[in-house]
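Notes follow the structure.
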Amino acid sequence: MQAVHYQNNQIPAVSPEAAGCPSQAVLDFMSAVSRRRVSLHSFLLMRHGKIAARCAYAPYTLSGRHRIYSVSKSVTSAAVGIAVKEGLLRVSDKAANFFPEEIDGPLHPFTARMTVQDLLTMRTVHRGSTDTSKGRWVHSFLNTPPSHPSGTTFAYDTTGTHMACAILQKLTGQTVHKYLKPRLFDKLGMGPVYWEKCDKGICLGGSGIWCTTEDMARFGQLYLQDGVWNGERILPEGWVEDTFTSYSDNSSGNSTFDGCAGYGYYFWKARHGWCAFGMGGQLVVIVPEKDLVFACTANTMEYKDGQQQILDSLWETIYPVLSDEALPENPDVLEKLEKVCGSASLLGTGNRRSPWEDRLSGRRIVLDEGCDGITGIAFRFREEDGELLLVKDGRERVIPFGIGSFRRGPDIFTGLDAAAGLKWTSDDSCILQIELPDQVHRHELRCVFLPDAMTVQIKSVGGLRLEKLNGYLGVLKK
């Protein structure tokens, strides 16, 4: 694919039709995602090197950084490629040779012959990630007894990606984040990118990056352009071709990602093209045959393999109707698309109210059964917003919320920054949705009101794994 030159590193935005994509197809994609009940946070579609469509669902924004989980692995793969280009290592190098000081006693021969390429292709000697509880990730990875020879079996191993980051840090004398900033992030106009580290100061190569949706799309565009950006070769010649090679048969893995058609250098083979994939629906889809990059953020963790719902929506709506040439403009549909994207929210559309607001507002209700130390509850409703007061562990905690919109405030369950919104789904039912924008996580309180009682179901979904809140059904007596 011919590389595009970006003046001042700015990616131009055009109408979907100018990029060969009907505006109606983007609307159909959004409808398909909604119909599948997917909590999509944002998406960005690039075609022929230009932004053809983008949208964020409140409280998320296109300018906000989002945790991308295992998409970080694909960035780590690029870092290895750049180090190969600079002659710092080869993919045939033995991984254990970089850390003789971490090895206790004789090294198992399976571990001894494991290569950097085995790390990149998830064909390590372990059946999964090794123990990280003691903080010595590299030590644990090298000294855990292997279950099979390297290079023979696909097994998803995040600690193997951490090993790749540790190797690069040892070779360069700096974190992979610092190493990549002038070589990748600044070149592509990405950032500022945040990258979490382990307690040894090594970047969490398997899951530690926060960035914007456009940052993700720029990274995908680099791979679509064979590793070249603004005329400069960022990745070594042949690296993208090697990355997009199915080294591993991942059909027997725990995931059903798009049919599990193969795995390259920390990239998944998709039904069409290749994909960087992070837990919860963080995706960078690269389809060379269509000159397409699609990036999105989401929280699909209430469903097993929920990211497939996003991919299926993409393949069913946008992919089949793409044209190699520009299409006639369709101003009416484009205006509708812009309106829908401008008001997109995880609460959906509409802002109905309920007579229960007057009946409930300010009344304290004692719980018949508690959850997570909660013993009492009270609603306060105002013109456009309100508060939910919970008595938790003997103290009053307040959740500010918008009605049909989101309000910011601290999350009483985690202490993290949160945005909460309440939506009436009927005259006697509402959902209070609490999003944690810095994490891929949300809480939901589903309330049903009866003349003599009410019930509240608490569900907590996402990467924080707060099982104590998930699936709780509390019966509250008035």
Side-chain angles (χ1 to χ4, degrees), residues 39-43 55-69 71-72 177 190-197 203-204 207-216 278-282 296-302 343-348 371-374 377-380 382 384-393 395-423 430-446 458-470 472:
S39 182
L40 190 64
H41 295 172
S42 71
F43 71 87
C55 180
Y57 294 73
Y60 295 90
T61 65
L62 289 168
S63 61
R65 290 185 300 192
H66 196 283
R67 184 164 192 168
I68 62 173
Y69 281 107
V71 174
S72 308
H177 188 192
M190 296 173 60
V193 173
Y194 173 77
W195 202 329
E196 188 179 5
K197 305 179 186 68
C203 288
L204 297 181
S207 65
I209 292 179
W210 276 257
C211 66
T212 68
T213 314
E214 184 173 322
D215 289 337
M216 297 166 68
M279 180 174 71
Q282 325 318 313
C296 71
T297 60
N299 180 0
T300 66
M301 283 185 253
E302 63 186 304
S343 61
S345 169
L346 292 182
L347 293 175
C371 169
D372 193 36
I374 301 170
I377 187 172
F379 285 92
R380 299 187 185 119
R382 293 187 288 267
E384 296 181 352
D385 58 17
E387 293 175 337
L388 177 65
L389 182 147
L390 296 178
V391 180
K392 185 177 185 300
D393 300 325
R395 296 174 52 198
E396 293 186 353
R397 318 280 182 99
V398 175
I399 303 173
F401 60 80
I403 300 176
S405 61
F406 285 92
R407 266 187 74 191
R408 293 275 180 163
D411 175 40
I412 68 165
F413 300 108
T414 64
L416 299 171
D417 179 52
L422 183 140
K423 179 178 181 179
C430 68
I431 300 174
L432 178 61
Q433 188 161 323
I434 306 169
E435 293 287 331
L436 277 59
D438 292 335
Q439 304 291 331
V440 184
H441 201 95
R442 75 177 182 274
H443 314 304
E444 289 180 3
L445 282 73
R446 293 177 175 262
I458 303 177
K459 180 169 68 172
S460 190
V461 177
L464 296 180
R465 305 188 187 282
L466 300 176
E467 286 83 0
K468 61 183 179 179
L469 293 177
N470 210 23
Y472 171 77

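Because the structure is a prediction, the values reported are computed rather than measured.
Enclosure of atom CZ in R380 is not indicated, since only 12 or fewer non-hydrogen atoms of other residues, nucleotides or ligands lie within 6.0 angstrom. For CD of E384, the number of neighbouring non-hydrogen atoms (other residues, nucleotides, ligands) closer than 6.0 Å is 12 at most.
Using a distance-only test at 3.5 Å, with no hydrogens or angles considered, a donor-acceptor pair links the side chain of D215 to the main chain of G191. Side-chain atoms of H177 do not come within 3.5 Å of backbone N or O of K197 as any donor-acceptor pair. For the pair D393 (side chain) and R395 (backbone), a donor-acceptor distance under 3.5 Å is absent.
Residues passing the ring-ring contact (aromatic ring centres under 6.0 Å, His included) test with H443 are F413, H441, sequence neighbours excluded.
Between Q433 and F406, the closest heavy-atom pair is O-CE2, 3.8 Å. L62 approaches C55 most closely through the heavy-atom pair CD2-O, 3.8 Å. Nearest approach of M216 to T297, heavy atoms of both residues: SD-CG2, 3.9 Å. Contact record, I68 with S72: CG1-OG, 3.9 Å, taken as the closest heavy-atom pair. In terms of heavy atoms, L464 sits closest to L416 at CD1-CD1, 4.0 Å. When all heavy atoms are compared, the tightest approach of A418 to I434 is CB-CG2, 3.8 Å.
Distance check, rounded to the nearest 0.5 Å: NZ of K423 to CG of L347 gives 7.0 Å. Summarising the geometry, atom CG belonging to D411 is positioned 9.5 Å from atom CG belonging to D417; distances are rounded to the nearest 0.5 Å. In this structure, I458 CD1 and L445 CG are separated by 4.5 Å, a value rounded to the nearest 0.5 Å. The CG atom of N299 sits 7.0 Å away from atom CD of E435, with the distance rounded to the nearest 0.5 Å. Distance check, rounded to the nearest 0.5 Å: OH of Y60 to OG of S345 gives 11.0 Å. One distance of note links CG of L436 with CZ of R442; it measures 11.5 Å at 0.5 Å rounding.
A 4.5 Å side-chain heavy-atom check between D385 and P400 finds every atom pair outside the cut-off.
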Might you work through the side-chain contact (heavy atoms from CB on, under 4.5 Å) test for V193 and I209, ending with a clear yes or no? CA-CA 7 Å; V193 173; I209 292 179; 3.7 Å; yes

Where do R407 and S405 land on the side-chain contact (heavy atoms from CB on, under 4.5 Å) test, with the steps shown first? CA-CA 7 Å; R407 266 187 74 191; S405 61; 5.9 Å; no

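Between F379 and F401, the ring-plane angle classifies as perpendicular under the 30° and 60° cut-offs.
P437 pairs in a side chain to side chain contact (heavy atoms under 4.5 Å, CB included) with only one of the listed residues (R67, H66, R65, R408), which is R408.
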